[in-house]
Amino acid sequence: MSKRSEGADFDGRAVARDLAQAPGVYLMRDGQGRPLYVGKARNLRKRVSSYFDRRDKGARIGLMVSKIRSIEVSITRTEAEALLLENEWIKALRPRYNINLRDDKSYPWIRLTSHQKHPRIGFYRGGRSRPGEYFGPFSSAGAVREALNQVYRLFGVRQCRDSVFRNRSRPCLQYQIKRCTAPCVGLISDEDYAADVQAARAFLKGENESVVGHLGERMQQASQELDFETAALLRDRIQAIRKIQSSQFVTDGAEELDVIGLAAEGGTVAVQVVEFRGGRNVGGKTFFPGNIDAEAHEPEIMAAFLGQYYAERQPPAEILVSALPEGVDVLTEALRTRRERPLRIAHRVRGERRQWLQLAESNARDALRRRRNERDQVGRELAALADLLQLDQPPARIECFDISHISGTETVASCVVHTDQGLQKKLYRSFNIEGITPGDDYAAMDQVLTRRYRRVLDDEPDRIPELVLIDGGRGQSDRARAVLADLGLDAVPVVGIAKGPARRSGYETWVLAGREVAPGPHHPASLLAQRIRDEAHRFAVKGHRRRRQKRAQASPLEAIPGIGPKRRQQLLNHFGGLKGVRAAGVEELMRVDGINAQLAESIYRHLRG
């Protein structure tokens, strides 16, 4: 990647003339280095030049071009490679002028700890650096749990964590309800458990026939050995798999298939994805891509969605789409390269496939209708709020703060963000409050506002809110105004929401600068403020509980200078746990590799002090 022609005297035409006539990806940034737009090109020079010629670009693109102060490019071998790289950059950088999927949370997986003697199968979300096999990703947590329920019921593979598994002396409830074969206490042989794990692995891969064949062989063997109880259990498993197949099997034999329906209206888009894996419908999910131009066409939106959706996922063998994506040949080639196997994107289909596509489109339209209704309601509430507070216009960005603690301990402050699109969970922030008198909510509010808006002024000046809500009365709101004034943000209105009589929702008093209002429980602005404040309270309590739990689970060894994670683990392994470390004398502690006399004495004093 190369960086070119930065600064206020940016000359886009000169930059474009210097680019190679080759496929690649370009990234445009503004004067603060923030990404504006990522695009791909078959010919970089021609594509980038087109932004700076005299033809009309429209208001949106014209505004973007006026902000460009640098361009970075990366040359690729083919246009398909450029498409893959473009979507990786979009996913990572979230440029302001690209169509964004805005789904940066990790997808759920099923993880099999295949490196262990008695592997565990369970729900997993996060990076795949930990050892084991991963199945997925799935479209939703519900789809993962449904698949896991089937695995536990059919194969009895353990689901407990290692710390529980190692310390069992008798079978747990999962064994009693026939969802585990209790390898922890040896009620199943290692060979049979390994066979069940292998069958569960095949089941998750969609190899149902091989699973049925394996179970059938074991059933016959159990019958010949007169172990009729085991044979009956295996028979029930086979019948359960056949029942699952009959209820979810894709009748024309499709094993890997995604059905994607799109609905767009006035710059708002909903996309419904339904997944079939291993011949089973494994769930669906609705996405609402952001930053859509009102004039964007469905093929353009579909192409952007597919590229970003499959940037982190393995594409299936077939993708059914309600609108044929722009540049479908290049997109197909790119996804085929990622998949490393044949792939097909289909639009005009018949029979059952057409029914699935129509159902996905119908779900997308319904989701779009509900989203638009929600936004219309939010718009009415914001207008009522502006009228109540005598603002010039409805606030496009509201930030609300709350403080949570128990007797002043583990204090956490929350900041939730509400825009004209509703609550924006990806923009929430929590702050661990330190260095104040326990229980001093004024000092806590002072600290969180100072930290929040110093960072905003330094890094994101375009994200200054148009209204700040404080969960508190006159004292809290006055302190908030003083902090904002010190930061030069005295123009931002602050509203304190004091609890009503008997803490009844809707009867709060709103404390403004120089006046108070009580909108009542049925005022649209009151309903909006309640929703935002309740969310700030929920998020603050969640942060406080997480911090309190972390402290409760922390090891006393962590507070000893010179004891890092490695030495802590060595101590615990050597003495069989913290209880053994506490009981050890200085000489015994010195027998642990890396523990000298001084450190052993420090450990002894700390744990006995």
Side-chain angles (χ1 to χ4, degrees), residues 22-26 37-44 46-47 50 76-91 97-101 103 139 252 254-265 269-277 284-289 291-293 295-361 363-365:
V25 179
Y26 55 92
Y37 186 78
V38 170
K40 69 167 180 63
R42 182 183 304 171
N43 184 313
L44 281 169
K46 288 184 178 180
R47 184 69 185 98
S50 68
T76 60
R77 292 176 298 178
T78 65
E79 190 179 358
E81 284 186 9
L83 177 62
L84 292 174
L85 182 59
E86 174 195 31
N87 286 295
E88 289 175 1
W89 284 12
I90 291 172
K91 194 81 173 175
Y97 288 88
N98 279 98
I99 294 174
N100 283 326
L101 182 54
D103 187 49
S139 58
D252 62 359
E255 290 290 313
E256 289 186 306
L257 172 69
D258 282 355
V259 184
I260 303 178
L262 183 149
E265 184 179 345
V269 172
V271 181
Q272 178 75 17
V273 180
V274 181
E275 298 179 346
F276 294 89
R277 295 293 184 271
K285 186 174 182 180
T286 305
F287 297 85
F288 297 94
N291 200 23
I292 305 293
D293 191 338
E295 298 179 359
H297 300 295
E298 289 191 7
E300 176 188 355
I301 299 170
M302 182 64 78
F305 176 83
L306 292 178
Q308 293 181 49
Y309 183 70
Y310 293 112
E312 297 181 351
R313 317 167 63 88
Q314 179 76 354
E318 187 173 10
I319 304 172
L320 305 185
V321 293
S322 61
L324 202 62
E326 191 177 79
V328 63
D329 293 338
V330 174
L331 181 61
T332 301
E333 181 184 350
L335 296 182
R336 187 182 295 128
T337 300
R338 179 177 292 279
R339 176 177 164 79
E340 298 180 345
R341 280 180 288 172
L343 178 143
R344 171 176 176 250
I345 298 177
H347 170 53
R348 299 186 183 279
V349 291
R350 298 179 180 178
E352 282 190 320
R353 280 172 161 71
R354 183 58 189 163
Q355 294 177 14
W356 301 332
L357 201 51
Q358 288 174 341
L359 184 60
E361 287 182 272
N363 283 326
R365 285 193 297 270

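Since the structure is predicted, the reported quantities are computational estimates derived from the model, not experimental observations.
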| Nearest atoms (heavy-atom pairs only) where Pro316 meets Leu343 | O-CD1, 3.2 Å

| Taking every non-hydrogen atom, the tightest pair across Val269 and Pro289 | O-CD, 3.6 Å

| task | Please report the shortest heavy-atom distance between Ala346 and Val349, naming the atom on each side. | result | CB-CG1, 3.9 Å

| Is the side chain of Asn98 donor-acceptor paired with the backbone N or O of Val38 at a distance under 3.5 Å, no angle test? | yes

| Is there a side-chain contact between Trp356 and Val274 (heavy atoms, below 4.5 Å)? | no

| Just by distance, with hydrogens left out, do Tyr310 and Asp258 show a side-chain donor and acceptor under 3.5 Å apart? | yes

| request: Over all heavy atoms of both residues, which pair between Ala80 and Ala334 is shortest? Give the atoms and the distance, please. | output: O-CB, 3.6 Å

| message | Parallel, tilted or perpendicular, judged at 30° and 60°: which one describes the rings of Tyr26 and Tyr37? | response | tilted

| If you measure from CE on Met302 to CG on Leu262, what distance do you get to the nearest 0.5 Å? | 4.5 Å

| query | Is the closest side-chain heavy-atom distance between Val321 and Phe305 below 4.5 Å? | reply | no

| query | Under the side chain to side chain contact (heavy atoms under 4.5 Å, CB included) criterion, do Arg339 and Gln314 qualify, and how do the steps go? | reply | CA-CA 6 Å; Arg339 176 177 164 79; Gln314 179 76 354; 3.9 Å; yes

| request: Give me the one residue out of Arg348, His347, Glu298 that meets side-chain contact (heavy atoms from CB on, under 4.5 Å) with Leu324. | output: His347

| request: Check whether any side-chain heavy atom of Val259 sits under 4.5 Å from a side-chain heavy atom of Phe276, and report yes or no. | output: yes

| query | Quick one: are Ile90 and Glu86 in side-chain contact, heavy atoms under 4.5 Å? | reply | yes

| message | Quick check for you: to the nearest 0.5 Å, what is the distance between Arg47 atom CZ and Arg42 atom CZ? | response | 12.0 Å

| field | Side-chain (Arg365) to main-chain (Ala263) donor-acceptor, under 3.5 angstrom | value | no

| Gap between atom CD1 of Ile260 and atom CD of Glu275 - 0.5 Å precision | 8.5 Å

| query | Measuring from Glu318:CD to Glu256:CD, what's the distance to the nearest 0.5 Å? | reply | 11.0 Å

| message | Just to verify, what does His297 make a side chain to side chain contact (heavy atoms under 4.5 Å, CB included) with, not counting sequence neighbours? | response | Pro299

| message | Check Glu88 with Arg338, please: is the shortest side-chain N to carboxylate O separation under 4.0 Å? | response | yes

| How far does CG of Leu84 sit from NZ of Lys40, to the nearest 0.5 angstrom? | 11.0 Å

| query | With a 4.5 Å heavy-atom cut-off, do Ile345 and Leu335 have their side chains touching? | reply | yes

| field | Beyond-backbone contact of Thr78 with Thr337, side-chain heavy atoms, under 4.5 angstrom | value | no

| query | Is it true that a side-chain atom of Arg354 and a backbone atom of Leu357 form a donor plus acceptor pair closer than 3.5 Å? | reply | no

| message | Given 3.5 Å as the limit, does a donor-acceptor pair link the side chain of Glu300 with the main chain of Ala296, or not? | response | no

| field | Taking every non-hydrogen atom, the tightest pair across Ala364 and Gly261 | value | CB-O, 3.6 Å

| query | Is Gln308 reaching over with its side chain to a backbone N or O of Ile99, donor-acceptor style, under 3.5 angstrom? | reply | yes

| request: Side-chain contact test, heavy atoms from C-beta onward, threshold under 4.5 Å: evaluate it for Asn363 versus Thr286 and give yes or no. | output: no

| field | Ile319 side, atom CD1; Thr332 side, atom OG1 - distance, nearest 0.5 Å | value | 7.5 Å

